[in-house]
Amino acid sequence: MKNSEPTADILSSDELQSLEGLEAAPSGEPSFRFVQRCQDWLEAWLDANKYPLEKGEVPSSQVLMFIFAEAPDIERPTFKAIESQWKRFFPGSHDQSAQGVIMSNENFLTMYNIYPEIGSLGGAFQLVADHLKSADTFAIVQLSQRRLLFHSPGGSIEEWCADPTVCELRLSTDPLSAAKIAADVDEFHEEHLRNAKSTVAKTLWKGKNYPYQLHPAPEQTIQIPLYLHLRASYKHLKGIVDEETSGKGGRCDIRVMWNSLAGAPFHPFTTTMLELKVLYEAQGATKHREWALSGITQANDYRLPDSEAVYACVFDARKDQTDKMLDLDPIAAAMNVQLRRYSMEPPDYDKKPKAPAKAAKKAGKKATIKRAKKISKKAIPAK
């Protein structure tokens with residue numbers, strides 16, 4: 001039987017490539033997918049309740065906390081200390097009065113409201129400090145402020161409470177471009193990575209007991225909050241991470257896709273690709289150059305027919321960052337890859353004062369005894 005559909009309606013291979021993954025599910029580790037779902041839910045709630053928000057009908061006391069549990073029914077005893085009720089929570093309702101503590105799996109299909117009303121952002125922090133651990137993944141949403149605060153596994157609870165990782169939905173309608181995305185990465189670096197005491201940087205460095213050492217998988221540690229930061233920059237931003245972005249060279253760390261401008265030739269969508277590399281002390285000078293060069297070649301391999309630009313983002317956590325490896329610039333230029341360097345200042349590793357040498361200690365002790373004898377003789381009256 002012949003196909004009756006007109007051939008003009010068949011999409012070209014380039015168009016199919018551009019459409020691939022446009023509505024892909026969140027990616028990464030389960031805890032990361034959970035945080036993405038929280039961000040998606042907040043964005044949808046804001047859309048559904050924009051009129052009450054504009055009228056000031058959403059109080060600052062309306063706060064939600066989402067706690068990740070792979071199987072809420074099974075893990076219920078773990079959070080028994082928080083629980084004061086056990087009610088189904090239906091995320092699709094986007095109820096204007098939604099609040100409380102919600103325990104949920106990563107895809108939001110199994111959700112329970114276990115604590116009806118938190119009352120304030122401070123109250124949410126108190127619950128975190130009293131009942132949650134560093135291994136827990138959770139997100140706090142203050143609806144009136146359009147903010148999401150999230151905690152990834154491994155970060156100190158006390159440090160997070162003092163300086164939480166914040167994702168603010170700015171809902172900008174500015175047009176997307178590769179240059180704008182690069183500016184957003186710059187902003188993220190300045191705010192979260194350049195200084196060792198910044199929120200994301202603190203999750204990378206091991207601390208004073210392990211000078212200049214990073215925790216494992218530093219690229220992924222940066223990728224997760226950077227992805228959320230980029231998605232929060234524009235309401236219509238389509239950022240797809242890791243597994244959903246597979247090309248001839250493998251999987252790109254971050255792809256951003258958006259509708260092409262009206263009248264743009266060939267491709268209905270435009271993409272920008274970001275490949276992330278971290279240079280750290282344990283690698284060694286030769287490995288540093290190879291690792292940065294691999295970021296350039298991978299970014300070039302991930303280029304798609306509709307890519308406006310591809311970026312190799314090199315985050316420098318070396319002890320000595322004087323060698324900028326400028327010889328890589330012409331290599332990147334020849335491939336039409338945008339090479340961007342981001343310095344990461346290590347924590348202040350205070351040196352302990354040196355213990356006094358044994359000879360000096362011995363001499364000091366003798367001098368002290370001699371002075372004590374002189375004082376003693378003066379104190380005894382002559383007969």
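Keep in mind that this is a model prediction, so the values were computed, not measured.
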Just checking, is any N or O donor in the side chain of [X] or [Y] under 3.5 Å from an acceptor N or O on the other one?
{"X": "T199", "Y": "H192", "result": "yes"}
{"X": "Q36", "Y": "Y227", "result": "yes"}
{"X": "D73", "Y": "Y112", "result": "yes"}
{"X": "E308", "Y": "T270", "result": "no"}
{"X": "T322", "Y": "D320", "result": "yes"}

To check you understand the geometry: which heavy-atom pair defines the closest contact between E345 and A196, and what is its length?
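In terms of heavy atoms, the two residues are closest at O-CB, 3.2 Å.
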Go through it in stages, so that I can follow the logic: the residues are R76 and E83, the test is salt bridge (charged side-chain N to carboxylate O under 4.0 Å, His left out), and I'd like the CA-CA distance, side-chain angles, deciding distance and then a yes or no.
CA-CA 9 Å; R76 181 177 179 180; E83 183 185 324; 2.6 Å; yes
[X]/[Y] ion pair, N-O < 4.0 Å:
{"X": "D163", "Y": "K202", "value": "yes"}
{"X": "D323", "Y": "R289", "value": "no"}
{"X": "E281", "Y": "K319", "value": "no"}
{"X": "R318", "Y": "D316", "value": "yes"}

Using 0.5 Å steps for rounding, measure from the OG1 atom of T165 to the CG atom of L228.
10.0 Å
Any chance you could measure M65, atom CE, to I118, atom CD1, to the nearest 0.5 Å?
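Rounded to the nearest 0.5 Å, the CE-CD1 separation comes out at 5.0 Å.
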Mark yes or no for whether [X], through its side chain, and [Y], through its backbone, hold a donor-acceptor pair below 3.5 Å.
{"X": "E219", "Y": "V278", "result": "yes"}
{"X": "Q62", "Y": "A98", "result": "yes"}
{"X": "S198", "Y": "R194", "result": "no"}

Give the intermediate values and the outcome of side-chain hydrogen bond (donor to acceptor under 3.5 Å, both in side chains) for residues T271 and S307.
CA-CA 4 Å; T271 61; S307 293; 3.0 Å; yes
Would you check if the distance from the ring center of F89 to the ring center of F108 is below 6.0 Å?
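Aromatic pair excluded; centres sit 6.0 Å or further apart.
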Are D95 and S97 close enough, and set up right, to give a side-chain hydrogen bond (donor to acceptor under 3.5 Å, both in side chains), and what steps lead you there?
CA-CA 5 Å; D95 191 341; S97 60; 3.1 Å; yes
Out of the candidates W41, Y115, F150, only one should pair with F66 under the ring-ring contact (aromatic ring centres under 6.0 Å, His included) rule; please name it.
W41
Would you check, one step at a time, whether the test salt bridge (charged side-chain N to carboxylate O under 4.0 Å, His left out) holds for D329 with R341?
CA-CA 11 Å; D329 289 337; R341 298 174 175 86; 3.0 Å; yes
